[in-house]
Amino acid sequence: MANSTKGIIGILTGGGDVPGLNPAIRAVTIRAIREGYKVIGIRKGWRGLIDIVRDKKANNSENFIELSEELVNKVGRTGGTFLHTSRVNPSKTSKDRIPTHLKDKYKEEVNDLTEEVLANLAFLKIDYLIPIGGDDTLSYGVRLYKEGFKVIAIPKTMDNDVPGTDYCIGFSTCITRTISLTHSLRTSAGSHERLLVLEVFGRYAGFTAILPTLAGAANRCVIPEYNFDMERLTELMIQDRFSNPSRYSVVLISEGASIAGEEMIFQDQVKDDYGHKKLGGIGDRVSEHLKQLSPKYNNSKPINVINQKLGYMVRCGDPDAIDSIVPMAFGNLALDLIIKGVHGRLITLRNGRYDNAPIDIVTSSKKLVDVDRYYNVDRLRPKYNSFEMQPLFLMTGL
């Protein structure tokens, strides 16, 4: 790698893919190169930083790549992340994930490879690191910052649950797609006069269910922040169906939602490196209950259910306008800080203005829907009030 006049910037993407990651990588790279920096793209998130073999003769092409304007321009308008991603947590690396060349050194069931990460960053001569990710990915960025490394974090997650910022890359496209797909599925629900149940990603925060409902995509929504009553949901949905000339109704189910008296539903009990079990299945559960309970509220006649998981359909493909503009701004804001010699910050969007905050805000709290302020627990839908002076996405504000 050629010498750089000002320094070397590393960039990586971690966690789930969302539209807007490639535009962010593009923004960082183009601005950095024009300011006299070199940019190294770390492949596969934090995984790339533990897999590196510190030997100049070694083939590390799977772990990092030098970025150029030509390369990032080709992918900057597309979805996903061309650097690829993972959910690896270097501070809690399981024995089976230890790279071959480190197996003799790390033999515990769970290992902290931060020493290797710091050594690999030094091997690459990286001066600043820009991780782009959600609260899990960025929490390890906080760890590196506390170890003395220069880190500037960019928030990304379709769940929009990173503390300290009103907006995270990927959220707008997720909401846009959820609204569009829900409206598309209405034709089937109306044709068959059914109840339509749509499960959406969102983990422990309900923003991806409540915002589309607020925009008119669904009659009701249930969110992780409130354990809902199944009888009440059934009653409301059948009322909605009866009042609809096409005889159908729609509910958006956040994957982390729970029926009162029951636990969250997980696809399996295996935990990832950040301690999370994979959510999924609440839509199936709600659908079963709706079909069983529907005769009680429909003159003893059962109503069939269309049950669909929107899943990766709302996080794939190209970014929308907001997820093209915000990543561009976030990337340039990160370079503004680097040029000023500032680090240990999280790039943010607050009250409609771009800003930055201390990076450890990421691990200081949980960002959830304020139920008392924004959610009607009796009607199982958003509250339609207090819009004046609120941020663009309303309940996502701090």
Side-chain angles (χ1 to χ4, degrees), residues 157-168 170-183 186 195-245 248-260 282 286 310 314 320-322 326 348-353 355 365-398:
T157 169
M158 58 175 285
D159 308 336
N160 208 55
D161 61 353
V162 174
T165 181
D166 293 351
Y167 189 78
C168 303
F171 183 60
S172 177
T173 306
C174 167
I175 298 304
T176 300
R177 297 266 172 74
T178 300
I179 293 170
S180 176
L181 289 168
T182 303
H183 287 329
R186 285 174 178 271
L195 305 176
L196 177 59
V197 175
L198 302 175
E199 182 180 319
V200 295
F201 284 149
R203 199 180 289 174
Y204 309 118
F207 300 116
T208 54
I210 196 171
L211 257 294
T213 305
L214 188 71
N219 303 96
R220 310 290 162 180
C221 64
V222 291
I223 59 177
E225 293 87 346
Y226 178 77
N227 293 341
F228 66 98
D229 181 81
M230 193 62 233
E231 290 266 2
R232 181 59 173 156
L233 176 62
T234 306
E235 180 184 14
L236 289 168
M237 288 197 68
I238 292 177
Q239 287 176 4
D240 295 334
R241 178 179 177 271
F242 181 77
S243 64
N244 186 338
Y248 73 92
S249 60
V250 184
V251 60
L252 280 175
I253 311 282
S254 179
E255 64 176 352
S258 299
I259 300 170
I282 182 63
V286 168
L310 298 187
V314 302
D320 68 4
I322 290 177
V326 171
T348 65
L349 181 57
R350 296 187 283 189
N351 297 318
R353 296 181 181 274
D355 200 352
S365 63
K366 295 292 183 183
K367 182 179 173 185
L368 303 170
V369 173
D370 184 336
V371 171
D372 291 338
R373 188 174 181 183
Y374 296 113
Y375 188 66
N376 187 323
V377 298
D378 177 56
R379 305 297 295 169
L380 300 180
R381 64 188 304 169
K383 292 180 179 179
Y384 291 82
N385 53 21
S386 304
F387 290 169
E388 186 177 4
M389 300 302 292
Q390 294 298 303
L392 174 63
F393 289 104
L394 302 166
M395 69 281 298
T396 64
L398 303 178

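Start at 1 with the first residue, then count along the sequence.
No donor-acceptor pair under 3.5 Å is formed between the side chain of Asp159 and the backbone N or O of Phe207. Remark: the backbone N or O of Asp372 is paired with a side-chain donor or acceptor of Lys383 at under 3.5 angstrom. With Lys367 contributing its side chain and Thr165 its backbone, the two residues share a donor-acceptor pair below 3.5 Å. Formation of a donor-acceptor pair under 3.5 Å by the Ser258 side chain with backbone atoms of Asn227 is not found in this model. With hydrogens and angles ignored, the 3.5 Å screen pairs no side-chain donor or acceptor of Ser180 with any backbone N or O of Thr176.
Once rounded to the nearest 0.5 Å, the distance linking CG of Leu368 with CD1 of Ile223 reads 9.0 Å. In this structure, the separation between CZ on Arg381 and CG on Asp240 is 7.0 Å, given to the nearest 0.5 Å. Note that CG of Leu394 and CZ of Arg373 are 9.5 Å apart. Values are rounded to the nearest 0.5 Å. With rounding to the nearest 0.5 Å, the separation of CG in Leu380 from CD in Glu235 is 10.0 Å. One finds the CD1 atom of Ile175 at 10.0 Å from the CG atom of Leu214 (value rounded to the nearest 0.5 Å). We find the CG-OG1 distance between Leu252 and Thr208 to be 8.5 Å, quoted to the nearest 0.5 Å.
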Between Tyr374 and Gln390, does a side-chain contact (heavy atoms from CB on, under 4.5 Å) hold up when you go through it step by step? CA-CA 12 Å; Tyr374 296 113; Gln390 294 298 303; 3.1 Å; yes
Run the side-chain contact (heavy atoms from CB on, under 4.5 Å) check on Met237 and Asn219 step by step: do they pass? CA-CA 8 Å; Met237 288 197 68; Asn219 303 96; over 6 Å; no
Would Val251 and Leu195 count as a side-chain contact (heavy atoms from CB on, under 4.5 Å) here? Give the steps. CA-CA 8 Å; Val251 60; Leu195 305 176; over 6 Å; no
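Across Pro382 and Thr213, no two heavy atoms sit closer than the pair CD-CG2, 3.6 Å. Nearest heavy-atom pair, Arg220 versus Leu233, reported as atom, atom and distance to 0.1 Å: CB-CD1, 4.2 Å. In plain terms, the two heavy atoms of Val162 and Cys168 that are nearest each other are CB-SG, 3.6 Å. Contact record, Glu199 with Ile282: OE1-N, 3.5 Å, taken as the closest heavy-atom pair. The two residues Arg186 and Tyr248 come nearest to each other via the heavy atoms NH1-OH, 2.9 Å. Contact detail for Ala209 and Cys221: the closest heavy-atom pair is O-CB, 3.9 Å.
Phe393 and Tyr167 have parallel rings, their planes meeting at less than 30° on a 0 to 90° scale where 60° marks the start of perpendicular.
Residues Thr182 and Pro212 fail the side-chain proximity criterion, which asks for heavy atoms closer than 4.5 Å. Side-chain contact between Val326 and Phe171: absent, with no pair of heavy atoms (C-beta onward) separated by less than 4.5 Å. Residues Phe201 and Met158 form a side-chain contact, since some pair of their non-hydrogen atoms from C-beta on lies under 4.5 Å apart. Between Ile322 and Leu392, the closest side-chain pair of non-hydrogen atoms falls below 4.5 Å. At least one side-chain heavy atom of Val377 sits under 4.5 Å from a side-chain heavy atom of Val371. Residues Met389 and Asn351 have side chains not in contact (no heavy-atom distance under 4.5 Å, counting atoms from C-beta outward). You'll find the side chain of Leu310 reaches within 4.5 Å of the side chain of Thr178, heavy atoms only.
Contact check on Arg203 versus Asp161 returns no salt bridge, with no Lys/Arg side-chain nitrogen under 4.0 Å from an Asp/Glu carboxylate oxygen. We find that Arg232 and Asp378 are joined by a salt bridge, their nearest charged nitrogen and carboxylate oxygen being less than 4.0 Å apart.
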